[in-house]
K.L.:
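If you scroll down you'll find the structure; I have some questions about it.
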There are 2 protein chains.
Amino acid sequence: MPERPACILLKGPLMARKPSAETATAWTQLLRVQQQVFGRVEQDVKKAGFPPLSWHDVLVELAHAPHGAVRPVELEKRLAMPQYGLSRLIDRLVEAGLAERRQCPVDRRGLYVAITDAGRELQKKMALAYAGAVERHVGSKLSDIEAVRLSHLLGRLN
Amino acid sequence: MPERPACILLKGPLMARKPSAETATAWTQLLRVQQQVFGRVEQDVKKAGFPPLSWHDVLVELAHAPHGAVRPVELEKRLAMPQYGLSRLIDRLVEAGLAERRQCPVDRRGLYVAITDAGRELQKKMALAYAGAVERHVGSKLSDIEAVRLSHLLGRLN
DNA sequence: CACATCATCATGCAACTGCATCAATCTTGA
DNA sequence: TCAAGATTGATGCAGTTGCATGATGATGTG
């Protein structure tokens, strides 16, 4: 079977096939619900006196890593975060005394970001507030079966 | 801003029940997948030379409203956008000649935001690029049945 | 080796966001 | 009617993000 012939219709912006109504609804729901639920969870955590959730994401990665240290490059991949965003997030963590930068012995371009004791402590406290908020805004609204189905459907988008 | 109901169980950080593993997975998937998919769609639209998707959201609301004009208060509700965010988004739309502010005859605090011809034109073109990107990044990855199930599960979180 | 290319991380700048607050107007209730 | 309070919208400020680019060190190739 020959390749689909190069189609002039696909060249310009007009080539786009339209999504079905079902797809459109799923798209808008995805945006809206994620925004709402994320907002509620982060608000709860902030109102408990904690920094943004992204701080926690990094601290968890560090806390669970051997020696409490990870290369930024590795964090970028694990957290799907842009390089400049991570660089500045590390700035803030360092500024707050929660992490420190160390020279990487094997690659002198590179770094290790290491969690401090204060970082570990904050991470543990924050995890409680975070978990509570997720339970309140997600766990209590879905059965485990539904949660699995949701994860699975979301996974198909990746 | 509505007060959160006082709940003694929510007072300390320690009271928080932890979410199940299923819930936790659903939460992380929700964040990750939404971020990824939204990023891809918005990138596609931007690379086609269009402004952010939020512009489109407002333009669509305006375009479909009677007389092409809506009160900001109404937009806030429909788009679930914070008041100051919308106020500034309107600034940008006006600045770009896509909308204009008009005095509201029935409430002198209020406004009407009205779409311009240029706004209608952009909205139409943008809708094509937007629809194409959604079809590419969402529609093509889910059957309609799955999309309905996804919408339904997401709806339970709201 | 010498050079071009790539990988890693930082940063200047403009745009955007969140928060608090202000100004103007409307609504309510004694 | 009038004062207290609520609603509507804008804005100053600090913090954050996106984009492009720079600086430095690694890697690969002739």
Side-chain angles (χ1 to χ4, degrees), chain A residues 31 34-36 38-47 49-58 62 69-96 99-114, chain B residues 1-3 31 35-36 38-47 49-58 62 69-96 99-114:
Chain A
L31 294 200
Q34 193 272 352
Q35 182 200 13
Q36 297 276 320
F38 181 83
R40 289 178 205 141
V41 169
E42 181 149 60
Q43 275 311 307
D44 279 12
V45 173
K46 276 192 180 168
K47 290 206 169 138
F50 292 108
L53 298 185
S54 56
W55 290 36
H56 185 259
D57 294 344
V58 172
L62 297 181
V70 184
R71 296 277 304 267
V73 166
E74 189 58 29
L75 287 173
E76 283 171 40
K77 290 172 204 153
R78 296 235 269 265
L79 303 177
M81 186 176 296
Q83 183 270 322
Y84 54 82
L86 182 58
S87 175
R88 281 163 167 154
L89 179 47
I90 294 169
D91 283 347
R92 287 168 228 144
L93 293 177
V94 169
E95 168 88 13
E100 41 187 50
R101 286 187 231 249
R102 291 181 187 158
Q103 270 230 348
C104 174
V106 301
D107 184 338
R108 275 192 300 187
R109 292 169 302 185
L111 288 177
Y112 272 105
V113 183
Chain B
M1 175 101 63
E3 280 287 325
L31 294 200
Q35 182 200 13
Q36 297 277 319
F38 181 84
R40 289 178 205 139
V41 170
E42 180 148 61
Q43 275 311 308
D44 279 12
V45 173
K46 275 192 182 168
K47 291 207 168 133
F50 293 107
L53 297 184
S54 56
W55 291 37
H56 185 260
D57 294 344
V58 172
L62 297 181
V70 184
R71 295 277 304 267
V73 165
E74 190 58 29
L75 287 174
E76 283 171 41
K77 291 173 205 154
R78 295 234 269 266
L79 303 177
M81 185 175 296
Q83 183 271 323
Y84 52 83
L86 182 58
S87 176
R88 280 163 167 154
L89 179 47
I90 294 169
D91 284 347
R92 287 168 230 143
L93 293 177
V94 169
E95 168 87 14
E100 41 187 49
R101 287 188 230 248
R102 293 182 184 156
Q103 271 230 347
C104 175
V106 300
D107 184 338
R108 276 192 301 184
R109 293 168 301 185
L111 289 177
Y112 272 105
V113 183

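All values derive from a computational prediction rather than experimental measurement. Keep in mind that the numbers below use all heavy atoms, side chains included, and drop hydrogens, waters and symmetry copies. Every chain is numbered from 1, with letters handed out A, B, ... down the list of sequences.
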K.L.:
Around atom CZ of Arg78(B), are there more than 12 heavy atoms of other residues, nucleotides or ligands at under 6.0 Å?
P.N.:
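Yes.
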K.L.:
Checking all strands, does Arg88(A) fall into the base, sugar-phosphate, or nothing category for heavy-atom contacts under 4.0 angstrom?
P.N.:
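Base, at least one base atom sits under 4.0 Å.
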K.L.:
Among the nucleotides dG25(D), dT17(D), dT11(D), which one has an atom lying closest to any side-chain atom of Asp107(A)?
P.N.:
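The nucleotide sitting nearest to the side chain is dG25(D).
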K.L.:
Which is true for Glu74(B) with a 4.0 Å heavy-atom rule: it touches a base, it touches only sugar-phosphate, or it touches nothing?
P.N.:
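Result for Glu74(B) = nothing.
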K.L.:
Over how many whole Å does the gap from Leu89(B) atom CG to dG18(C) atom C1' extend?
P.N.:
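Interatomic distance, CG of Leu89(B) to C1' of dG18(C): 15 Å.
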K.L.:
Please lay out, stage by stage, how Val70(B) and Tyr112(B) fare under the test side chain to side chain contact (heavy atoms under 4.5 Å, CB included).
P.N.:
CA-CA 5 Å; Val70(B) 184; Tyr112(B) 272 105; 5.5 Å; no
K.L.:
When you match Ser87(A) and Lys46(A) each to their closest nucleotide on DNA chain C, which lands nearer the 5' end?
P.N.:
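Counting from the 5' end, the first nearest nucleotide belongs to Ser87(A).
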K.L.:
Is any side-chain nitrogen or oxygen of Arg71(B) closer than 4.0 Å to OP1 or OP2 of dG9(D)?
P.N.:
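Checking Arg71(B) against dG9(D): at least one side-chain N or O falls below 4.0 Å of OP1 or OP2.
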K.L.:
Round to the nearest Å and state the distance from Glu95(B) atom CD to dA10(D) atom P.
P.N.:
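Roughly 15 Å, once rounded to whole Å.
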K.L.:
Leu93(B) CG to dA10(D) P: how many Å, rounded?
P.N.:
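Rounded to the whole Å, the gap is 12 Å.
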K.L.:
Any idea which heavy atoms bring Met81(A) and Gly85(A) closest together, and the distance?
P.N.:
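Taking Met81(A) first and Gly85(A) second, the nearest heavy atoms are SD-C, 4.3 Å.
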K.L.:
Among dC19(D), dC16(C), dC6(C), which nucleotide sits nearest the side chain of Arg109(A)?
P.N.:
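Out of dC19(D), dC16(C), dC6(C), the nucleotide with an atom closest to Arg109(A)'s side chain is dC6(C).
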K.L.:
Report yes if some heavy atom in the side chain of Val113(A) is under 4.5 Å from a heavy atom in the side chain of Arg71(A); otherwise report no.
P.N.:
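Sidechains of Arg71(A) and Val113(A): no contact.
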K.L.:
Side chain of Gln83(B) only, heavy atoms from C-beta on: which candidate in dT8(C), dG9(D), dT8(D) is closest?
P.N.:
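My answer, after comparing the listed nucleotides, is dG9(D).
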K.L.:
Let me spell it out: for each of Arg92(B) and Tyr84(A), pick the nucleotide of DNA chain C with the closest heavy atom. Which residue's pick is nearer the 5' end?
P.N.:
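Of the two residues, Tyr84(A) wins.
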K.L.:
Would you call Arg102(B) and Glu100(B) a salt bridge, taking side-chain N to carboxylate O under 4.0 Å as the test?
P.N.:
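Between Glu100(B) and Arg102(B) there is a salt bridge, with a charged N closer than 4.0 Å to a carboxylate O.
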K.L.:
Rounded to whole angstrom units, what separation is found between the CG atom of Leu111(B) and the P atom of dT7(D)?
P.N.:
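Taking atom P of dT7(D) as the reference, CG of Leu111(B) is at 18 Å.
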K.L.:
What's Gly110(B) touching, base or sugar-phosphate or nothing? Going by heavy atoms closer than 4.0 Å.
P.N.:
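Gly110(B): backbone/sugar contact only, no base atoms under 4.0 Å.
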K.L.:
Would you kindly give the CG-to-C1' distance between Leu86(B) and dG18(C), to the nearest whole Å?
P.N.:
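Spelled out: CG on Leu86(B) to C1' on dG18(C) is 15 Å.
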K.L.:
Just how far, in rounded Å, is P of dT8(D) from CG of Leu75(B)?
P.N.:
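After rounding, the reported distance stands at 13 Å.
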K.L.:
To the nearest Å, how far apart are Trp55(B) CH2 and dT17(C) P?
P.N.:
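Whole-Å distance recorded here is 11 Å.
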K.L.:
What's the CE-P distance between Met81(B) and dC19(C), to the nearest Å?
P.N.:
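Rounding to the nearest Å, CE of Met81(B) and P of dC19(C) are 15 Å apart.
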